[in-house]
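Read the structure below first, then the notes.
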Number of protein chains: 2
Amino acid sequence: MLSFTEENYLKAIYHLSESGSKAVLTNEIAEAMSTKAASVTDMIKKLSTKNFISYEKYYGVKISRQGKSEALMIIRKHRLWETFLVEKLLFNWDEVHDIAEQLEHIQSPLLIQKLDEFLGFPKSDPHGEPIPDKNGKISMPSSMPLHDQLPGYAGSIVSVKDSDSNLLKYLNRIGATPGKKIRLLAKEEYDESLEIEVDEKRLTISKAVAQNILVAV
Amino acid sequence: MLSFTEENYLKAIYHLSESGSKAVLTNEIAEAMSTKAASVTDMIKKLSTKNFISYEKYYGVKISRQGKSEALMIIRKHRLWETFLVEKLLFNWDEVHDIAEQLEHIQSPLLIQKLDEFLGFPKSDPHGEPIPDKNGKISMPSSMPLHDQLPGYAGSIVSVKDSDSNLLKYLNRIGATPGKKIRLLAKEEYDESLEIEVDEKRLTISKAVAQNILVAV
DNA sequence: ATAAAAATTTAGACTAGTCTAAAAAAATAT
DNA sequence: ATATTTTTTTAGACTAGTCTAAATTTTTAT
């Protein structure tokens, strides 16, 4: 049984593993966890002796099959709770992340099974992220950052990369939420800002924002 | 902001304060928390400097107005979550205590407000215990142990004192759950066991069980 | 190929919470 | 009223997780 803290490290390592197939570096984990490299070294030793990751000094960390399975269960819980908060308790899309960060650590397989059932076995959460099933199987919808599309692209928003509350609030305000239809009208060469159409409205978004909007391809 | 552990101590002290108006003793808290007296001494010093309790060496502990208010919020959360688990997720009455022990520590006033609303502002939880409102006001239903009633008593079960899972399972099996009609038919002098009628069935229960069934008076 | 810079690990210290064993205070019994 | 027992507190140690500062290893630059 993992502690609250161990679970958070494992989740961070899983996410870092997904973006790039190379070993995850100590400093990357430190940044993701808002902690210091020295603390990370201690923790990865611990997770390594428990066989959730493999660790080679000065080289980095790789998540094990067992670690991935554990991480997927935490992510499953997080996304089911987010779905509950938005669909049942009528929270806004952008208010649920921090609460789900807490709820994801509740220990009770039966609870998650019943919650899943209560929600009608949803396949994705309110941010458009896929929810792993009880065996940890995850159906990845194929998506790419809007920023990497060409002018003329028309499709729908799959998810938002960054969970930053300010970003989510902003996207909510302009109507750019998962599931929405979106079109890329033009690209400004100078600062790589994009002119888009969403919610029947034309507007301009920055490169930073466009890199965080993942759209169906 | 209180830690997980501080919250659990405070809740235990609150409950011990309610049963008896005297100061709460170190050993009582140690037993309630399944810990050692030395650990309790450390913690009550801490809660005392934070003004949740007043503490006099070798004498005992009294909960403060502030401590009571904090404890009531935790209890409110616990009972709302229990209600959710039983009414929405269809858990059995006797399965929810341990899960609610975890959920009660989730920090988000907005979450509790919305949960309360989702449940239709319930006044009592599935065990029959009253749910404090958002100001900590608690409407005590007047009740007494079935054991203290006289043969001939007829009324309904308000709540069950002990949260022990085996007791709850047993009561569930015989149909003696909060809200149910119950009648006291006879009292056996020798071992103080009771003959009762519940769920249209006659049966005998021990003194220990009868002391834990609280009925409306 | 070596010097400088960056990343990582180690060493040692700190807080929160816990424990055992010993000391001190309070309650009880004679 | 004093001795014994019980309760409570203190002292010191341990684990989990964190930090800073110093040491070490790897990478980068010349």
Side-chain angles (χ1 to χ4, degrees), chain A residues 1-14 16-17 19-20 22-63 67 70-71 74 101-102 104-107, chain B residues 1-14 16-17 19-20 22-63 67 70-71 74 101-102 104-107:
Chain A
M1 181 117 307
L2 293 174
S3 75
F4 196 99
T5 310
E6 288 170 326
E7 288 197 347
N8 283 332
Y9 270 92
L10 195 57
K11 191 171 54 127
I13 292 167
Y14 172 83
L16 291 167
S17 301
S19 48
K22 314 192 62 64
V24 179
L25 305 177
T26 303
N27 268 353
E28 291 174 345
I29 301 170
E31 206 203 344
M33 295 292 296
S34 304
T35 187
K36 294 294 150 70
S39 310
V40 172
T41 303
D42 287 345
M43 181 53 87
I44 62 190
K45 279 180 187 163
K46 204 168 135 197
L47 288 174
S48 175
T49 59
K50 292 188 180 183
N51 292 318
F52 290 106
I53 57 178
S54 64
Y55 164 52
E56 215 177 305
K57 255 174 134 180
Y58 291 102
Y59 166 72
V61 144
K62 275 188 178 139
I63 195 160
E70 195 68 34
I74 301 165
E101 284 289 300
Q102 299 180 59
E104 73 190 7
H105 300 291
I106 302 292
Q107 303 288 0
Chain B
M1 184 118 302
L2 293 173
S3 75
F4 196 99
T5 311
E6 287 170 327
E7 287 196 350
N8 283 333
Y9 270 91
L10 195 56
K11 191 171 54 125
I13 292 168
Y14 173 83
L16 291 167
S17 299
S19 50
K22 315 193 61 62
V24 179
L25 305 178
T26 302
N27 268 354
E28 290 175 345
I29 301 170
E31 206 204 344
M33 295 292 296
S34 303
T35 186
K36 294 294 150 69
S39 310
V40 173
T41 303
D42 287 345
M43 181 53 86
I44 61 189
K45 279 180 187 162
K46 202 168 136 198
L47 288 174
S48 175
T49 59
K50 292 189 179 182
N51 291 317
F52 289 107
I53 57 177
S54 64
Y55 164 52
E56 215 177 305
K57 256 174 134 177
Y58 290 104
Y59 167 71
V61 144
K62 276 188 178 137
I63 195 160
E70 195 68 34
I74 302 165
E101 285 289 299
Q102 299 180 60
E104 72 189 6
H105 300 292
I106 304 291
Q107 302 289 359

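Since the model is a prediction, treat every value here as computed from it, not as a measurement. Labels below follow one simple rule: chain letters A, B, ... track the order of the sequence lines, proteins then strands, and each chain is numbered from 1.
Between B:L47 and B:V61 the shortest side-chain heavy-atom distance does not fall below 4.5 Å. Side-chain contact check for B:V40 versus B:M33: every heavy-atom pair is 4.5 Å or farther apart. Using a 4.5 Å heavy-atom threshold, the side chains of A:T41 and A:Y55 count as touching.
Taking atom CD1 on A:I44 and atom P on C:dT8, their separation rounds to 9 Å, with Å as the unit. Residue B:E6 contributes atom CD, which lies 12 Å from atom C1' of C:dT15 at whole-angstrom precision. The nearest whole Å value for the distance from the OH atom in A:Y58 to the C1' atom in C:dA7 is 9 Å. Whole-Å rounding puts the A:M33 CE to D:dC19 P distance at 10 Å. To the nearest angstrom, P of D:dT15 lies 19 Å from CG of A:L2. Rounded to whole Å, atom C1' of C:dA27 lies 15 Å from atom OH of B:Y59. Distance B:F4 CZ to C:dT18 P: 11 Å, rounded to the nearest Å. Atoms CD (A:E56) and P (C:dT9) sit 11 Å apart, rounded to a whole Å.
Look at B:S39 and you'll find a side-chain N or O under 4.0 angstrom from OP1 or OP2 of C:dC19. An OP1 or OP2 oxygen of D:dA16 is reached within less than 4.0 angstrom by no side-chain nitrogen or oxygen of A:S3.
B:K50 pairs by the side chain to side chain donor-acceptor pair (under 3.5 Å) definition with B:E6, not counting sequence neighbours. Partners of B:E104 under the side chain to side chain donor-acceptor pair (under 3.5 Å) rule, at least two apart in sequence or in another chain, are B:K11, B:H78. Looking at residues two or more places apart in sequence or on another chain, you find no side chain to side chain donor-acceptor pair (under 3.5 Å) involving B:E70.
Counting non-hydrogen atoms under 4.0 angstrom, B:Y9 reaches the backbone sugars and phosphates but no base. Among the protein residues, B:T5 comes within range of the sugar-phosphate backbone only, with heavy atoms under 4.0 Å from sugar or phosphate atoms but none that close to a base.
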**Item:** Criterion side-chain contact (heavy atoms from CB on, under 4.5 Å) on A:F52 and A:L2, from CA distance to verdict
**Value:** CA-CA 10 Å; A:F52 290 106; A:L2 293 174; 3.5 Å; yes
**Request:** Apply side-chain contact (heavy atoms from CB on, under 4.5 Å) to B:V24 and B:I63, showing your working.
**Result:** CA-CA 9 Å; B:V24 179; B:I63 195 160; over 6 Å; no
Between the protein and nucleotides 10-14 of chain D, which nitrogen or oxygen pairs come in under 3.5 angstrom?
{"from": "D:dT10", "atom 1": "OP1", "to": "B:K57", "atom 2": "NZ", "distance (Å)": "2.7"}
{"from": "D:dT10", "atom 1": "OP2", "to": "B:K45", "atom 2": "NZ", "distance (Å)": "2.5"}

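A heavy atom closer than 4.0 Å to some atom of DNA chain D occurs in B:L25, B:T26, B:N27, these being the qualifying members of residues 24-32 of chain B.
Evaluation of the salt bridge (Lys or Arg N to Asp or Glu O under 4.0 Å) test over residues 31-44 of chain B, restricted to residues two or more places apart or in two chains, returns none.
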